[in-house]
Number of protein chains: 2
Amino acid sequence: MKKSTTELKGVKEIARRANVSIATVDRVLHNRPGVSKQTKDKINEIIIELNYQPNLLAQRLASRKTIRLATLIPMGSKETSYWEAPLSGIEQAEGEINQLGIIIDKYFYDQNSSDSFTDQTKIILESNPDGVLLAPSFVEESVKFTNGCTELGIPYVLFNSDLPNNDSLSYIGPNLYQSGYLAAQLISYLISDKDKVLIVNISKEIDNRHHLLKKEEGTRAYFKDHHKPNDILKLDIKQTDYKSIEETLSETFRENDNIKVVFVTNSRVSWVARYIDESKKDVILIGFDFLKENLEYVNNGVIDFLICQKPKEQAYRGVMSLYKHLAFSLPVEKVHFMPIDIVTKVNCPYYQN
Amino acid sequence: MKKSTTELKGVKEIARRANVSIATVDRVLHNRPGVSKQTKDKINEIIIELNYQPNLLAQRLASRKTIRLATLIPMGSKETSYWEAPLSGIEQAEGEINQLGIIIDKYFYDQNSSDSFTDQTKIILESNPDGVLLAPSFVEESVKFTNGCTELGIPYVLFNSDLPNNDSLSYIGPNLYQSGYLAAQLISYLISDKDKVLIVNISKEIDNRHHLLKKEEGTRAYFKDHHKPNDILKLDIKQTDYKSIEETLSETFRENDNIKVVFVTNSRVSWVARYIDESKKDVILIGFDFLKENLEYVNNGVIDFLICQKPKEQAYRGVMSLYKHLAFSLPVEKVHFMPIDIVTKVNCPYYQN
DNA sequence: CTGAAAGCGCTTACAG
DNA sequence: CTGAAAGCGCTTACAG
């Protein structure tokens, strides 16, 4: 079969069939005003008939737009090296997409200062980025920020911890409740009915704590669901220097016997480990996060289990989903719970953070 | 400071500075012949000075080339639904990159027929794709195939199981030895010294078995490393119908008492579960893979632990690393071991395959 | 409401 | 050995 005209592709072919210019096709394609209903309908018909799919490469190239993303995470601190991992995840994603017209501006806040957080959010909103990746810490301030994003029509992705009823493009991170539940399951394998469990929440900022409480909730739920009779004690430590931690723990151990398991609800477990190591207590210790300081204690057997959730990958995925959304309008899953990994002395060398 | 000429970008700016045409710049950029040493040197100097980074979007668009990938995995079978997951991973990747000039041709082989495997590999080599994703089953035939790829200069990625000394672009999948080791650790929590452990390898094709043997090795290593005195029995089942499996197991249980743990080294664990369920044996059962048929037995408590390694994600990552390598010359990690996930009745609802 | 033309930053024949 | 020109499939002023 002979073709009367050489076959054109894309907008040109649509234009030819509709007897209009490609500019008009472009207008219809992007729902821009200034096209009569009649031609619009005709063009739309052809678009459907041809099952037209735009060439994203050409689209990005011609539009001359670079996509600007902003990321906001805690800055590294002497208290924990945790945030190095997400940062390296962001940088990895950056390396993969910076040749594709994506720019990433990285902002950092002090986890102990809600003011520093608010300051950064203001700077970000003023810079009007195309998308935001946020590791929220201060609930109220974070909500204010994400509301600001929504008003400006800036899509944002949350990772590491979630925020109450928000309209984020996606949440990527642990199911906090579930990780507490899992910790409880581990614990239940290892204790008998009369042993006591001590839950330790360590955090200076009250606001960081809803995070920790979710885990605690999960833990308690497991014991309840499985009718475990064990006593569950709980400690809220707001002074995060070692001295305070030591004192609080000493007191607790003095006043309670039969504490068989200590479950620290965040990555600060290494400080409790130090106490347990120095005081030579015989307890099972469970905590969170694959940090250098924690791994030492895993290796010498003071920490028995570390619950981890690939912080680097979380951030990497966060950037990539913004990229996919903004550059290609690809659908993004609303929630991506990271797997809950259990690291022990045995599988520790093989864990990839 | 005033610029005498308006600032140009990319090849144009290089051409201007070198006083040549952009065609010549292009030749140097791609190391094509037909440029005098002198101009070549000058241009290279400028490239370095400008730290020129090509616009990948424009590159792909102008080259008019589509990248063709071929994937080769087992076809779905009535024996196991396992391979649906990798396929859906491939399809997900396809959805994300098919607008970017990537085409994926999917090939399938019958896991019980090395001939079907060889046939498909021939077809693939003849089609001369730009990259190959392979889930190898038959070692010898697979090696022949990957050698063919290497000869033709086709990069290939292996996933699900590795091949001995190969030059693949990347391997993505479990550390088989390590997952056997982990299973042993689980087991050791749950048994006492006099209990026996039964390892069951189920596979029709001998060649599939090096896969299973690696896991067995890991398991034995753990018991050795930790000086466990337990008896470890082993069963190689080559007839994969239920009748044969039932008979073999019955016999083994008749001849041995104190079998406390049964460890099935692949996803066929549901058949053993059926036997254990029907015969009402009181043993701990451990196996592999998040399959519908296995999950039933996890939920009714017959299977205690399932070791999983995200088969969908493996395949997705495999395609994406080929894409990144071919489209953007991005570096690809030579080995990506998937995390070894432990699924129990408790965390099962939260596991994402 | 519509179209002609230039341009995004490259690659690819083709001509000399 | 080198360059002028067309083109990849879009978007974007600008003119009418």
Side-chain angles (χ1 to χ4, degrees), chain A residues 6-44 46-47 50-67 98-103 130 326-329, chain B residues 6-44 46-47 50-67 98-103 130 326-329:
Chain A
T6 49
E7 199 70 29
L8 295 175
K9 286 182 70 180
V11 287
K12 281 188 195 165
E13 175 64 10
I14 299 173
R16 190 187 65 77
R17 295 205 190 197
N19 243 309
V20 297
S21 74
I22 58 170
T24 300
V25 174
D26 194 65
R27 286 184 187 101
V28 174
L29 242 19
H30 295 90
N31 245 310
R32 276 192 283 267
V35 185
S36 75
K37 176 146 178 20
Q38 202 186 339
T39 53
K40 186 171 176 176
D41 287 349
K42 176 149 57 143
I43 290 173
N44 270 325
I46 296 171
I47 288 172
L50 256 42
N51 184 26
Y52 169 73
Q53 305 284 63
N55 180 321
L56 299 175
L57 258 25
Q59 211 168 277
R60 295 289 318 286
L61 182 62
S63 80
R64 299 166 185 67
K65 277 192 202 107
T66 61
I67 295 175
N98 67 356
Q99 298 301 302
L100 299 168
I102 319 286
I103 288 177
D130 297 300
L326 291 167
F328 308 125
S329 313
Chain B
T6 50
E7 198 71 30
L8 294 175
K9 285 182 68 181
V11 287
K12 281 189 197 164
E13 175 63 10
I14 298 173
R16 188 187 66 78
R17 295 204 189 197
N19 243 311
V20 295
S21 74
I22 57 170
T24 300
V25 173
D26 194 63
R27 286 184 188 99
V28 174
L29 242 19
H30 294 90
N31 244 312
R32 274 192 284 268
V35 184
S36 76
K37 176 145 178 22
Q38 202 188 339
T39 52
K40 185 170 176 175
D41 287 349
K42 178 151 55 144
I43 291 174
N44 270 325
I46 296 171
I47 289 173
L50 255 42
N51 185 25
Y52 169 73
Q53 306 283 63
N55 181 321
L56 299 174
L57 258 26
Q59 210 168 279
R60 295 287 319 286
L61 181 62
S63 80
R64 299 165 184 68
K65 277 193 202 106
T66 63
I67 295 174
N98 67 356
Q99 299 301 300
L100 299 169
I102 320 284
I103 288 178
D130 297 299
L326 291 167
F328 307 125
S329 313

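In what follows, chains carry the letters A, B, and so on, assigned in the order in which the sequence lines appear, proteins first and then strands, with residues in each chain numbered from 1.
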Spacing of R32(A) atom CZ relative to dC10(D) atom P, expressed in whole Å: 13 Å
Using a cut-off of less than 4.0 Å, is there contact between a side-chain N or O of T39(A) and OP1 or OP2 of dT2(C)? yes
Whole angstrom value for the distance that separates P of dC10(D) from NE2 of H30(A): 9 Å
Determine whether more than 12 heavy atoms belonging to other residues, nucleotides or ligands lie under 6.0 Å from atom CD of Q38(B). no
Please check if the side chain of K40(B) supplies one atom and the backbone of V35(B) the other of a donor-acceptor pair under 3.5 Å. no
For S36(A), check side-chain hydrogen bond (donor to acceptor under 3.5 Å, both in side chains) against everything at least two apart and list the hits. T39(A)
note: K40(A), atom NZ; dT2(C), atom C1'; distance rounded to Å ~ 15 Å
Partners passing side chain to side chain contact (heavy atoms under 4.5 Å, CB included) against K12(A) (at least two apart in sequence or in another chain): L8(A), I22(A)
Examine dC8(C): is either OP1 or OP2 under 4.0 Å from a nitrogen or oxygen in the side chain of K12(B)? Give yes or no. yes
Taking atom P of dC10(D) as reference, at what distance in whole Å does atom CD of E13(A) sit? 12 Å
Under 4.0 Å, heavy atoms only, any strand: does G34(A) hit a base, just the sugar-phosphate, or nothing? base
Where does DNA chain C pair, written as one dot-bracket string 5' to 3', with Watson-Crick or G-U pairs under 3.5 Å, ( ) inside the strand, [ ] for crossing pairs and | for another strand? |||.||||||||.|||
When you compare the side chain of I46(A) with that of Y52(A), does any pair of heavy atoms fall below 4.5 Å? no
Table of protein N/O atoms under 3.5 Å from nucleotides 3-5 of chain D N/O atoms:
unit_1: dG3(D); atom_1: OP2; unit_2: S21(B); atom_2: N; d: 2.9
unit_1: dG3(D); atom_1: OP2; unit_2: S21(B); atom_2: OG; d: 3.4
unit_1: dG3(D); atom_1: OP2; unit_2: T24(B); atom_2: OG1; d: 3.0
unit_1: dG3(D); atom_1: N7; unit_2: R27(B); atom_2: NH1; d: 3.4
unit_1: dG3(D); atom_1: O6; unit_2: R27(B); atom_2: NH2; d: 2.4

For R17(B), the side-chain hydrogen bond (donor to acceptor under 3.5 Å, both in side chains) test, sequence neighbours excluded, returns E13(B), E49(B)
Partner set under side-chain hydrogen bond (donor to acceptor under 3.5 Å, both in side chains) for D41(B), not counting sequence neighbours: K37(B)
Does anything in residues 60-67 of chain B come within less than 4.0 Å of DNA chain C? Heavy atoms only, and list the residues if so. A62(B), S63(B), K65(B)
dC10(C) OP1/OP2 closer than 4.0 Å to side-chain N/O of Y52(B): yes
By ring-ring contact (aromatic ring centres under 6.0 Å, His included), F328(A) pairs with (sequence neighbours left out) Y323(A)
Integer-rounded Å distance: dC8(C) C1' and N55(A) CG: 13 Å
Please name all residues satisfying side chain to side chain contact (heavy atoms under 4.5 Å, CB included) with L61(A), sequence neighbours left out, ordered by chain then number. N55(B), A58(B), L61(B)
Atom-to-atom span, CG of L29(B) to P of dT12(C) - whole angstrom: 12 Å
Smallest heavy-atom separation, P54(B) atom then Q99(A) atom, equals O-OE1, 3.3 Å
Which residues pass the side chain to side chain contact (heavy atoms under 4.5 Å, CB included) test with S21(A), not counting sequence neighbours? A23(A), T24(A)
Among residues two or more places apart or on two chains, list those pairs meeting salt bridge (Lys or Arg N to Asp or Glu O under 4.0 Å) that have a residue in residues 55-64 of chain A. none
Using atom NZ of K9(A) as one end and atom C1' of dC8(D) as the other, report the distance to the nearest whole Å. 9 Å
Spacing of I47(A) atom CD1 relative to dC10(D) atom C1', expressed in whole Å: 14 Å
